[in-house]
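Not measured: the values here are computed from a predicted model. Counting begins at 1 with the first residue of the sequence.
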Amino acid sequence: MRKVYTIGDCVLDLFFEDDKPIEARPGGSFLNSSVSLGRLGIDVSLISELGEDRVGMQIIKFLKQNDVDTQKISRFNDTNSNLALAFLDDQRNADYAFYKTRAGKKSCIEFPDDVKKDDVILFGSFLAIKQELRFELVKFLKSCKEKGVIIIYDPNFRAQHLPLLEDVLPYIKENMELADIVKASNEDFELIGGVKSVKEAKDWLKSFSTALLIYTANKNGVFVYTDKLHSFSVPQIKPVSTVGAGDTFNASIAYTIVTANIGKKDIVFLGKEQIQEMVEFAVCCSQHVCMSYDNFVSLEFAHKIKK
């Protein structure tokens with residue numbers, strides 16, 4: 001059976017509304033994707049690191065309860081696990097404050113050597129551009145690319161990281177160059193490349209990468225570039241929280257690749273109907289997640305999909 005490997009930070013998300021804490025959930029972009037995939041019945045393993053503290057134990061327990069393989073999560077005992085504070089605005093979008101306890105410390109993440117052809121790697125966010133992990137990550141991704149593994153990259157770049165852009169832009173571009181699929185939002189492209197339209201984003205990306213582009217623009221739609229542009233509108237909703245929407249979208253793309261038996265060589269030949277099915281499913285899942293404070297598909301929703 002094909003497997004999905006997600007790579008990213010594990011955190012405890014604390015939600016605030018009107019500056020008051022209202023909810024706490026295990027989080028981190030690719031932890032969120034892992035949980036959705038596990039609930040949907042996909043064989044998924046999270047590659048990350050966690051403290052040997054109460055928060056770390058809580059997150060490990062939660063992942064196991066949701067059928068996520070935790071054997072590739074390295075543990076550390078020199079600091080505590082990371083926290084992320086999400087302050088929700090009137091549109092239910094989050095402004096983040098991150099409390100990373102291991103900043104500047106060498107990562108203890110160890111990458112597996114048993115990834116197989118047409119397995120899926122889903123990675124991105126800040127962990128994918130950390131200098132402390134860069135050599136090991138690139139070595140792993142290049143090995144996976146040689147094996148015929150499908151690599152999906154989401155930069156998920158935050159405004160608070162803009163002061164670092166000059167230093168990390170080469171890493172972001174290298175990640176995009178190694179990827180088979182780049183899924184990024186209009187905000188990502190504006191922050192990273194200073195481009196403000198899907199055409200500008202495509203031209204910027206294609207100047208150094210052959211990856212298929214999935215460009216999300218919130219309520220303004222989803223755009224996919226193969227050899228031509230495919231545009232899709234999205235239903236308008238009133239969200240409770242948008243925190244896990246992009247993470248669930250990523251999980252849904254990986255889910256479709258595995259369940260539709262799309263191989264690495266098939267990606268460049270995806271037809272309009274296949275792309276439409278993939279995008280519509282991803283939008284459905286991500287909008288479902290927007291209707292609660294959870295950052296992943298609900299067990300009830302996943303049960304209906306699996307049926």
Partners meeting ring pair (Phe, Tyr, Trp, His ring centres under 6.0 Å) with Tyr153 (sequence neighbours left out): Phe123
Report, as yes or no, whether the 6.0 Å neighbourhood of atom NZ on Lys206 holds more than 12 heavy atoms from other residues, nucleotides or ligands. yes
Tell me if the CD atom of Glu110 is crowded by more than 12 foreign heavy atoms within 6.0 Å. no
CG (Asp114) with more than 12 external heavy atoms under 6.0 Å: yes
Taking the side chain as C-beta and beyond, is there a heavy-atom pair between Phe126 and His161 under 4.5 Å? yes
Taking all non-hydrogen atoms of both residues, which atom of Ser36 and which atom of Ala251 are closest, and how far apart? CB-CB, 4.0 Å
State which residues pass side-chain hydrogen bond (donor to acceptor under 3.5 Å, both in side chains) with Asn156; sequence neighbours excluded, sorted by chain then number. Ser29, Ser125
Kindly check if the number of other-residue, nucleotide or ligand heavy atoms within 6.0 Å of NZ (Lys306) is above 12? yes
Across all chains, not counting sequence neighbours, the salt bridge (charged side-chain N to carboxylate O under 4.0 Å, His left out) partners of Asp95 are none
Sequence neighbours excluded, which residues qualify as ring pair (Phe, Tyr, Trp, His ring centres under 6.0 Å) partners of Phe208? Trp204
Aromatic ring centroids of Phe135 and Phe140 under 6.0 Å? no
Do any pairs count as a ring-ring contact (aromatic ring centres under 6.0 Å, His included) and have a residue in residues 21-56, sequence neighbours left out, and if so which ones? none
Assigning hydrophobic clusters by single linkage (Ile, Leu, Val, Met, Phe, Trp, Tyr; side-chain heavy-atom cutoff under 4.5 Å), is Ile129 placed with Leu162? yes
Will you find, in the side chains of Ser33 and Asp247, an N or O donor that is under 3.5 Å from an N or O acceptor? no
Flag the pair Phe281 / Tyr255 as yes when their ring centroid distance falls below 6.0 Å, and as no otherwise. yes
Gln160 CD: over 12 foreign heavy atoms closer than 6.0 Å: yes
State, without any angle test, whether Ser34 and Thr6 hold a side-chain donor-acceptor pair at a distance under 3.5 Å. yes
Residues Lys3, Asp69: salt bridge by 4.0 Å N-O rule: yes
Aromatic contact, His230 with Phe223 (centres under 6.0 Å): no
Provide the full list of salt bridge (Lys or Arg N to Asp or Glu O under 4.0 Å) pairs with a residue in residues 144-171, sequence neighbours left out, each pair given once. Asp154-Lys183
Tell me yes or no: between the side chains of Asn295 and Asp13, is some donor less than 3.5 Å from an acceptor? yes
Below 4.5 Å, heavy atoms only, C-beta onward: do Val240 and Ser292 meet side chain to side chain? no
